[in-house]
Amino acid sequence: MKCRKCGEKAVINMRHHKLALCQKHYLEWFIGQVDKTIKRYRMFRKKDKILVAVSGGKDSLSLWDVLLRLGYKADGLYINLGIEGGNYSDISLEKVEKFVAQHPGAHLHIVDIKTLYGRSVPELARESHRGKRICALCGLVKRHEMNRVAYEGGYYAIATGHNLDDEVAVLFGNTLRWQTGYLARQAPVLPSTHPMLARKVKPFCRMYERETAAYAILQGIDYIYEECPYAVGSTSILYKNLLNELEEQSPGSKLSFYLSFLQAKENEQICFMGEEASPELHPCEKCGQPTTAPRYCAFCRVIYKLRENGI
Ligand code: Q46
Ligand code: ZN
Ligand code: ZN
């Protein structure tokens, strides 16, 4: 198989794009596609400060690398969740630090949950009386800390490495259950609804997982291969496997499912009436972040064991 651009030996064949490319042209193509996505969905501009949430995995580190190469003002944020299984957090932090060492000028914020709040995420999950499952609690902690760091650092947006496979798995799950509220909010850009809640953007939303992995490998980015041990057996992995089978039989299915959904929303061919009305927000009495819950936000309730009537 030969590169469509130069005729040299191709390193990747993307059946869904009917495109085979050599290493040099693949890396160029990938970076160009991401820049197009950023501009197409008006995610941010060159002058905006961006915070990239990095986990040590291929997607987030590749995203940070691409944004730096494109000349965006992108800093990293690593949240150490304290996940011990398979030394997941230790290894992922090592990968992020190695990335920073190889990218002179890259600035990284590190938030260590146990140091800041006394307990790691698995410890918080074990003591959670409300039976919050670890991933729900982990998501809550990550969202709170991302918003906090973005607000304190004056960042315009938080960029996450969600790729097309992630987005399609979410879309598939939400469609299966017709969760119209989630469908209304699923988009490449989630605008800020409050000065303390950062805008969220997903510049990799049109890139297949296989493409982000190829980018990381060909660009020489060392990343953690293992998934978080708590991700094993999740429904999103089940959906991804099903969608991979579909893609195998019908290349391009994932991309067209996702892009057609976005297009239909944009053209108002489908709309989820009344789902976007945002509930009234007020500042949490403990941390100041906006919340709809009485007195304290969900994060402070877990961390400080606060209830509506105080401690
Ligand atoms: S890190 Fe956290 Fe994920 Fe691990 S505990 Fe679950 S939510 S699976 S993206
Ligand atoms: Zn080429
Ligand atoms: Zn709070």
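Both counts, for ligands and for their atoms, begin at 1 and track the order of listing. Worth knowing before you read on, the calculation uses all heavy atoms, side chains too, and leaves out hydrogens, waters and symmetry mates.
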Legend entry - Heteroatom test (N, O or S) for C297 near the Zn ion (ligand 3), limit 2.8 Å: yes
- Give me the ring orientation class for F172 and F257: parallel if the planes are under 30° apart, tilted from 30 to 60°, perpendicular past 60°. perpendicular
Exactly one of I12, N244, D165 clears side chain to side chain contact (heavy atoms under 4.5 Å, CB included) with R210, and that residue is I12
For E84, I'd like to know if atom CD has over 12 heavy atoms of other residues, nucleotides or ligands within 6.0 Å.
no
Atom 9 (S) of ligand 1: closest protein heavy atom, distance to 0.1 Å, is K142 NZ, 3.5 Å
Would you tell me whether E152 and H109 have side-chain atoms, one donor and one acceptor, within less than 3.5 Å of each other?
-> no
Would Y223 and S62 count as having a side-chain donor-acceptor pair, cut-off 3.5 Å? no
The SG(C287)-the Zn ion (ligand 3)-SG(C284) angle, to 10°, is 110°
The number of protein N, O or S atoms lying under 2.8 Å from atom 6 (Fe) of ligand 1 is 1
*Report yes or no: do Q33 and Y215 form a side-chain donor-acceptor pair below 3.5 Å?*
no
Practice prompt. Assess whether side-chain hydrogen bond (donor to acceptor under 3.5 Å, both in side chains) is satisfied between Y208 and E247, documenting all intermediate values.
Written response: CA-CA 11 Å; Y208 279 78; E247 183 75 24; 2.9 Å; yes
